[in-house]
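Below: the structure, in structure tokens.
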Amino acid sequence: MESITCKFGGTSLADADGMRAAVEIVRSDERRRFVVPSAPGKRDPDDKKVTDLLLGWFHALQNDLDTSQPIETITKRFTDLAGALGAAVDIEGEIRAIEAAAKDSAKPDFLASRGEYLNGLILAEVLGAAFVDPLKHIRFDFEGNLDESTYPVLAKALEGEGLFVIPGYYGADPDGRVCTFSRGGSDVTGSVVARATGSVLYENWTDVSGIRMTDPRIVPDARRIDEITYGELRELAYMGASVVHDEAIFPLRSAGIPMSIRNTRAPDEPGTMIVAERTPTQPVCGIAGRKGFTMINIEKTLMNREVGFARRALSVLEEHRVSFEHMPSGIDTISLIVKNEELKQHGEAIVLGIDRVCQPDRVWLTPRIALIATVGEGMNHHVGVAARLCGALAKAGVNVRVLDQGSSEMNIIVGVDESDMDSAVGAIYSAFNEEN
Ligand code: ASP
């Protein structure tokens, strides 16, 4: 029989009602056999995520501070949850075992992972499912990257009939010690489980009904995207659209498994389907903007005739171990666009270095740049997309500082002043939202 892997996020499993909703979703389709829970998230905006409480425990332990506060809060949270759901899990015993093991751990990973572990025990109990501990079946190398040998090992552990609960976020390093993915990593566990089990679908259950065409904080009624490819999602995510962990894409993409983003609180809503390929009906599927870039501008008459000019400029960035995002160029100008977090305090030194090795007419920094990605596989061979985009920006009175289109023809990047970002995103959305 076909199977589906379902991952439930922390906000979906934050309390007993959320857990009950998840259980109902799993039971409503017998193909939903592999269930990956996150640790309980915030129940309200002032609440704390269990993972953050666990990291607080680790911090207290490292600094010889009193650990009783985080331990008490975590114990109560899970005791209440298990109690409300009637799950026979010995939370106090589990916490005592965690306390004993935590004393020897030098890294935060063990404690950080215990939210998923405990939530997994409770969910398995309520569902009557087999509990599969990723510590034995999900493997990392010493650099913290997933080891490919995970797939056959996990596939074997998940053979047979019935339901399985596999806690998200962690596995083991080659020494058998707990190792986690980066934050939000239960999404990646879900992908790994979906691929290991050959699931026909990976459902990622969260607290929103899918991905919107742009950030609803900028365009409150931004339309939901029905279908998007992994390639398109990656371009949008890179530019700041946070939907799923970016490493979650790779295991699925190579196996051709679609992922759907669904809302635990509105399970009848269709959500967004992320697929390997689609036939686009519109040129643009999403728009994402991100602040925090600086442009390093270099100007030199007849630069184009100088062999090795760009290489010399880039060697200065390399010396400072700074990577760049884009390099738009003109005949006598090149700009290097760098994330501020990469540039750090190296800006002035890089300017001086470029001045020395390239001897340009002028080199200077333009800070506070926002980049906006307008993404869609439908823009490939579609005439007039850039014109429509620039027309919309001109009408909104936004000055375009740079314009860059990659050869994949599925992404046009514009650079604008940070203060213009929201109006630019709004203008591009209105120009390409074809339901208008
Ligand atoms: N609980 C972990 C976190 O808060 C992992 C996850 O939820 O995916 O980052």
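Whatever order the structure lists them in is the order used to number ligands and atoms, beginning at 1.
Heavy-atom separations between His245 and ligand 1 are all 4.0 Å or longer. Under a 4.0 angstrom heavy-atom cut-off, Gly168 registers as lying outside contact with ligand 1.
An N or O contact shorter than 3.5 Å is missing between Tyr169 and ligand 1 by distance. Residue Thr51 has at least one nitrogen or oxygen atom sitting less than 3.5 Å from a nitrogen or oxygen atom of ligand 1, judged on distance alone. Considering backbone and side-chain atoms alike, Ser186 places an N or O below 3.5 Å from some N or O of ligand 1.
With hydrogens and angles disregarded, no donor-acceptor distance shorter than 3.5 Å links the side chain of Asp175 to the backbone of Arg177.
Relative to the six-membered ring of Tyr170, Arg114 meets both conditions, a distance below 6.0 Å and an angle of at most 45° to the axis. Taking the ring axis of Phe164 as reference, the NZ or CZ atom of Arg33 does not stay both within 45° of it and closer than 6.0 Å to the ring centre.
Ligand 1 places these atoms under 4.0 Å from at least one heavy atom of Gly184: 3 (C), 5 (C), 6 (C), 8 (O), 9 (O). Interface atoms of ligand 1 facing Ser38, defined by a heavy-atom separation under 4.0 Å, are 6 (C), 7 (O), 8 (O).
Comparing heavy-atom distances from atom 1 (N) of ligand 1 across Arg114, Arg183, Glu116 singles out Glu116 as nearest.
Annotation: side-chain hydrogen bond (donor to acceptor under 3.5 Å, both in side chains) contacts of His137 (sequence neighbours excluded): none.
Note that the CG atom of Leu81 and the CE atom of Met19 stand 4.5 Å from one another [nearest 0.5 Å].
Ring centers of Phe131 and Tyr117: under 6.0 Å apart, within the cut-off.
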